[in-house]
J.: 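Can you keep this structure in mind? I'll have questions shortly.
What you see is a predicted model, and the numbers here were worked out from it, not measured in a lab. Residue indices begin at 1 and follow the sequence shown.
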Amino acid sequence: MTTSKTCLLTLIVTVFAGHTSPLFASEAHWITFDGKAGPGQGKHIVFVTGDEEYRSEESMPMLAKILAVHHGFKCTVLFAINEETGEIDPVIGDNIPGLEALDGADLMVLFTRFRELPDEQMKHIIDYTHSGRPIIALRTATHPFYYQKNKNSPYAKYSWDNRDESFRGGYGRQVLGETWVSHYGVHQKESTRGLAAPGMENHPIVRGVGEIWGPSDVYGLTTLHGDCTPVIMGYVLAGMNPTDKVNEDKKPLPVAWTRTYTGDTGRTAKVLTTTMGHAGDFQDEDFRRLMVNACYWSVGLDDRIPAKSRVDIIGQYDPKPIGFGGNKKGVKPWDHAIVMQP
């Protein structure tokens, strides 16, 4: 077998009555999960990961497996890659190979933090953003890009800290609705209870979603930019357990909202942003269901969202604790493949 970085490696097969068929495959720098039967067949979701703190490199492959196996979506997960080792390394802020997959994607799921990508990589993200196709953004994607070195890049305006009034707040505020502001709940001391926003109880995204709990703290907001509509309100809990009481001194803030974004092409995209996304949030069934429903809604499959979307985890999900520098070492994209039984 060739060791070329661009060689397709069929890694895992599913056994069916005496013969085998490919289910999961990986390039050297990313992994693709081919959808099984389900409403998502024919739709391709591309996950763009790269954050140093919240373990998106673990949670997004897990979510992709759920969407592929239970719902039929083809899912490609991209990672921050150390070119020398071929390993996933979220500290590498200037390399996410495979972004050309966005050129034909039906949905981009963005979970990055403070990236400064080469122009040839960034172009794929921005071209997608202006294409009118949908976007889902999680947690640190409110501050996904940070231009410190190449301030003359044509994409420098997307930096989270852009103070020019023509594009203030960069990609986060202008495209998603808000940039980084603050930790509103105390980080790692006050967790989040998420409930449907008033009037949104019947929205397709919250169908079958009960009370959400996650160890993430509620992010602070200024004013949501554009036509944002809160979907989930985050209540600050006075502790790190789902049974802890609400901190009554802190009013609830939106932790998930929808909006539209019209880019340079004049095409309008549907956007769902959530400031949740701590690796531990995905251990909550209702948060996983919210994200699965959001994918259906994003690609126009609102009427195919079941009363209670299936979100049981495929294989194991035991993420490393959050924190800078604490990611799993020595992991390559194909390590996220799993063995499926018929």
Side-chain angles (χ1 to χ4, degrees), residues 1-13 22-35 44-65 67-68 73-129 135-138 140-141 144-146 150 155 279 314-315 317 319-320 325-339:
M1 181 181 290
T2 177
T3 57
S4 168
K5 289 182 179 179
T6 59
C7 175
L8 181 65
L9 302 174
T10 301
L11 297 171
I12 299 297
V13 296
L23 181 60
F24 299 111
S26 177
E27 296 279 347
H29 288 160
W30 58 88
I31 190 164
T32 295
F33 304 91
D34 289 322
H44 185 194
I45 304 175
V46 175
F47 295 78
V48 183
T49 75
D51 88 282
E52 308 94 323
E53 186 176 10
Y54 290 105
R55 308 291 172 254
S56 61
E57 72 279 2
E58 295 191 64
S59 62
M60 294 300 95
M62 179 273 291
L63 180 59
K65 293 171 191 175
L67 288 160
F73 293 92
K74 176 182 177 181
C75 295
T76 296
V77 187
L78 310 180
F79 304 93
I81 295 290
N82 183 318
E83 284 284 358
E84 293 183 3
T85 65
E87 295 172 358
I88 298 168
D89 186 352
V91 174
I92 302 292
D94 59 0
N95 186 42
I96 302 178
L99 284 164
E100 58 271 15
L102 289 171
D103 298 349
D106 297 291
L107 169 62
M108 176 175 70
V109 178
L110 184 67
F111 198 157
T112 59
R113 177 186 182 275
F114 289 166
R115 305 291 104 172
E116 186 170 0
L117 299 173
D119 289 351
E120 60 270 21
Q121 291 189 5
M122 188 70 168
K123 183 179 188 300
H124 295 289
I125 295 177
I126 300 307
D127 284 353
Y128 181 95
T129 300
I135 301 166
I136 292 176
L138 292 100
T140 55
F145 310 116
Y146 187 17
N150 189 12
Y155 304 109
I314 309 298
Y317 178 62
K320 292 277 283 184
N327 58 288
K328 291 180 180 178
K329 306 300 192 294
V331 178
K332 295 189 177 182
W334 52 80
D335 292 323
H336 287 288
I338 56 170
V339 176

J.: When rounded to the nearest 0.5 angstrom, what distance separates CG in L63 from OG in S56?
T.: 12.0 Å
J.: When rounded to the nearest 0.5 angstrom, what distance separates CZ in F33 from CD1 in I314?
T.: 10.5 Å
J.: Could you pull out the closest heavy-atom pair between V77 and A64, with the gap in Å?
T.: CG2-CB, 3.7 Å
J.: I'd like to know if the side chain of K329 and the backbone of N327 have a donor-acceptor N/O pair within less than 3.5 Å.
T.: yes
J.: Is the backbone of T112 close enough, under 3.5 Å, to the side chain of T140 for a donor and an acceptor to pair up by distance?
T.: yes
J.: Mind listing the closest non-hydrogen atom pair of I135 and L107 along with its distance?
T.: N-CD1, 4.0 Å
J.: Hey, what do you get for CD (Q121) to CD1 (I126), rounding to the nearest 0.5 Å?
T.: 12.5 Å
J.: What are the two closest non-hydrogen atoms of I31 and P333, and how far apart are they?
T.: CD1-O, 3.6 Å
J.: For H44, is there any backbone N or O sitting under 3.5 Å from a side-chain donor or acceptor partner on D106?
T.: yes
J.: Is it true that a side-chain atom of D51 and a backbone atom of R113 form a donor plus acceptor pair closer than 3.5 Å?
T.: no
J.: Closer than 3.5 angstrom, by distance alone: can the side chain of H336 be matched with the main-chain N or O of E57 as a donor-acceptor pair?
T.: yes
J.: Roughly how far apart are Y155 OH and L117 CG, rounded to 0.5 Å?
T.: 11.0 Å
J.: Hey, are the side chains of E83 and H29 touching, using non-hydrogen atoms and a 4.5 Å cut-off?
T.: yes
J.: For a quick test of reading the model, state the closest non-hydrogen atom pair linking A137 to A141 and the distance between them.
T.: CB-CB, 3.7 Å
J.: Given 3.5 Å as the limit, does a donor-acceptor pair link the side chain of R115 with the main chain of N95, or not?
T.: no
J.: So which atom in A80 and which in P90 form the shortest heavy-atom distance, rounded to 0.1 Å?
T.: CB-CA, 4.0 Å
J.: Counting distance only, does the side-chain N/O of E58 pair as donor-acceptor with the main-chain N or O of K320 below 3.5 Å?
T.: yes
J.: Show the nearest heavy-atom pair for residues C75 and L67, with the distance to one decimal.
T.: SG-CB, 3.8 Å
J.: Report yes or no: does Y128 contribute a side-chain atom to a donor-acceptor pair with the main-chain N or O of M108 at less than 3.5 Å?
T.: yes
J.: Tell me whether D127 contacts the main-chain N or O of H124 through its side chain, where contact means a donor paired with an acceptor under 3.5 Å.
T.: no
J.: Any heavy-atom pair between the side chains of Y317 and S59 that's under 4.5 Å?
T.: yes
J.: Distance from T76 atom OG1 to M60 atom CE, nearest 0.5 Å?
T.: 14.5 Å
J.: For the atom pair CG (D94) and CE (M122), what is the distance rounded to the nearest 0.5 Å?
T.: 13.0 Å
